[in-house]
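Step one of this worksheet: look at the structure below.
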Amino acid sequence: MTSTMANTRTLFLSLASSKKQLYLTIHEECISIAHSDSKATSKIPFQNIISVKLNQDSSRVEFVYILKAKNYSLHRVDGSPVASSLPYASAWVQEVHAEAYDGVKQSRKLLVFVNPHSGPGKARTVYDKKIVPVLEAAGCSVEVIHTTHRNHAFDTVKQSPLDYDAIVVLSGDGLVHEVFNGLARHSEPMRALKIPVAPVPTGSGNAMCLNLFGVKEGFDVVLAALNIVKGRPMKLDLFSFVQKDRRVFSFMSQCIGLMADLDLGTEHLRWMGDTRFAVGFLRGVMGPPASFELSYKLVEDDKMKMVEALKSRPPASVQHSDDSSNPSGELPPLRHLGANWTDFNSDSEGWTKSQTPALFLFAGQGPYVSRDYMPFAVSLPDDGLIDLVLQEMTGTKMLLNGGMVDGKVFWHPKNRYLKVQAYRVRPRAKQGNLSVDGEGFPLEEFGVEAHPGLGNLLSLRGQFACDFGASPQKSN
Ligand SMILES: Nc1ncnc2c1ncn2[C@@H]1O[C@H](COP(=O)(O)OP(=O)(O)OP(=O)(O)O)[C@@H](O)[C@H]1O
C-alpha cells in the first residue's frame, strides 16, 4: 500500500473484533478490501454497498456490503479509523456513501408480502434470516404482511396508500400477478402502477426472478434483497387478458397445450420444487396437440430483425423513479382487441388467422419461464409487444434433445416466433389447461393485448437477464 494512496483514497481500519487492520480503497467502480495479514483482496462494486457510516462519536466506521462467492451474502466490517485522521475518515465515508446511492433513494419505504405457503414453504424463514438484515442495514421502513389466503395481497394493494417506494413479494409469480392486478384495480391505477414490484424467489418456478437475475442467480434471495435496496424502476409491458366480461392483467405469460398442462397438471407434485416441470414435460409430450383457432395483429415475424432489436437495445435503459409521465388517469382501453374481439371472421382490421396445429401456444415476455426453458429469447421488457410462440408438433424431438434451456429452440423452423400487439384464441378442446402467469383459467375463448410499459419492476440491470447467444444455430 503506497502512502499516496493511503492519503487520498484508502481508509485504514483497526477491526473491533481482532487486532487486524483493514485497508478499504476507493476505485472507479468499486471498493477493494485488503487485510493486513493476507494478500487476498475483495472487490465490492458500489452497487453492492448497503451502508457506510461513521458513528456519532466518530470512533467507529461500519461498512455493510453484499459479496458474491458461490452465492451472495451480507458482510459487515466494524472498525476504528486512526484517531488522527477522523476528518479524512468522515470525508471518505461521505464519498463512498454518495457513490453507493448515486441515483437511488436511500431508506426506502416498502410494503412487503410474505406467502408462507409458496413453493417449498420457506418464505418466512428467508424473510427473517436473509432479507430483514439487508433491509435493516439499508435503513428501510417496512410494513410486512404475511398472507393468510388467496387474494390477500390483491385486496391489500387495491386500497393501499401510494407512498411506497416498492412492493416486495416473497412468493412465486402467482403473488406478483396478484399485486399487479391489485395496483390496476386501485382507484388511481396509473399512479399505483408506477410503484415498482420487487420479487424475491421463494416460490417453485420464480420465472420473473430468473428474468431479472439470470438463470444462474435467479434463485438467490440475497441478490433479490440487493435489488430491493438498489434496484431502479424498469418499465414492464402488461397484457390485458380478456375472457367473457373479465379483464385481468398478465405480467408474464399465457399458455395452452403441453406447457400449460405440465405446470397446472403437476400442482400435486409441488413438493418436488421445479423438478415437477420436467416430470410434467415428459408426461405431456406423449399426448395430443393443442387444438385452437388463433388470430393476431402481427408486428414482426423475421427472427433476424428480432435479434437486431435485442442487440441494439441500450445496455441499461433504466427508467428512473422520478419519471412522472402520465401518473394519473384511467387504465388504457383495449385499442386492438376492441369491443368485438370475439369476431374471428373479421379480416378487415389487420388480424391474421392461423390454423397450424401446435404442441402448445406460449405468449408473453421475459426470456425464461423456468430454469429449464427460455421460450422468449428475444423478449424486451417494454417494447409494447407480446412474443408469441407456436411450437409445431414435429419439433418434439428437438425439444427433447435440448435447446430449451439456452433458447436455441428459437432458431428451429418448427418454432414459429411472432411479435404481436394482440392475439385471440378459441380453443376447440374441452379438456386441458389455460395458464395465465402460471395460474389456471377456464379453457375458453380469450384475447390478449399489450400495454407498453404499464407496470414497473425493480431491476439492477435495466433489462432482462439473458444468456441467449443471438446468432443462428442449428438445432436438431
Ligand atoms: N396463506 C396462504 N394460503 C394459501 N394460499 C395463499 C396464501 N397466501 C397466498 N396464497 C396464494 O398462493 C398462491 C401462490 O402462488 P405463487 O405462484 O406465488 O407461489 P408458487 O406457486 O409456490 O410459486 P411459482 O409460481 O413460482 O411456482 C397465490 O395465488 C396466492 O394467492
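If you read the sequence from its start, that first residue is 1, and numbering goes on from there. Every number for a ligand or one of its atoms is a count from 1 in the order of the listing.
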Checklist entry - Between Phe362 and Phe376, does the ring centre distance come in under 6.0 Å? => result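 Yes - the distance between ring centres of Phe362 and Phe376 falls below the 6.0 Å cut-off.
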
Item to check | Nearest neighbour of atom 31 (O) of ligand 1 from the list Arg150, Glu178, His149, on a heavy-atom basis | outcome: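 Heavy atom nearest to atom 31 (O) of ligand 1 belongs to Glu178.
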
Checklist entry - Who's closest to atom 13 (C) of ligand 1 heavy-atom-wise, of Asp173, Asn206, Asn115? => result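 Looking at heavy atoms only, the winner is Asn115.
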
Item to check | Ile256, Leu361, Val425 screened by side chain to side chain contact (heavy atoms under 4.5 Å, CB included) with Leu434, the one that passes | outcome: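 Going through Ile256, Leu361, Val425 one by one, the side chain to side chain contact (heavy atoms under 4.5 Å, CB included) with Leu434 is satisfied by Ile256 alone.
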
Checklist entry - If you round to the nearest 0.5 Å, how far is CD1 of Ile49 from CG of Leu67? => result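 One gets 11.5 Å once the value is rounded to the nearest 0.5 Å.
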
Checklist entry - Mind checking whether Ser118 has an N or O less than 3.5 Å away from an N or O of ligand 1? => result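 Not met; the criterion fails.
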
Checklist entry - Any nitrogen or oxygen of Gly203, main chain or side chain, under 3.5 Å from a nitrogen or oxygen of ligand 1? => result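 Among all N and O atoms of Gly203, none is under 3.5 Å from an N or O of ligand 1.
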
Report, in ascending order of atom number, the atoms of ligand 1 lying under 4.0 Å from any heavy atom of [X].
X	value
Glu439	17 (O), 29 (O)
Gly119	20 (P), 22 (O)
Thr148	1 (N), 2 (C), 3 (N)
Asn151	31 (O)

Next on the checklist: Under the salt bridge (charged side-chain N to carboxylate O under 4.0 Å, His left out) definition, can you give me all pairs with a residue in residues 159-182, not counting sequence neighbours?
Outcome noted: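 Found Lys105-Asp165, Lys109-Asp163.
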
Item to check | Electrostatic pair Asp220-Lys68, nearest N-O below 4.0 angstrom | outcome: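 Salt bridge: no.
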
Checklist entry - With under 30° as parallel and over 60° as perpendicular, where do the rings of His152 and His149 fit, or are they tilted in between? => result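 It falls in the parallel class, under 30°.
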
Next on the checklist: Angle between ring planes, Phe441 versus His177, binned at 30° and 60°: parallel, tilted or perpendicular?
Outcome noted: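 Aromatic pair Phe441/His177 classed perpendicular.
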
Next on the checklist: Using a 4.0 Å heavy-atom cut-off, which part of Thr147 comes near ligand 1: side chain, backbone, both, or neither?
Outcome noted: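 Answer for Thr147: both.
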
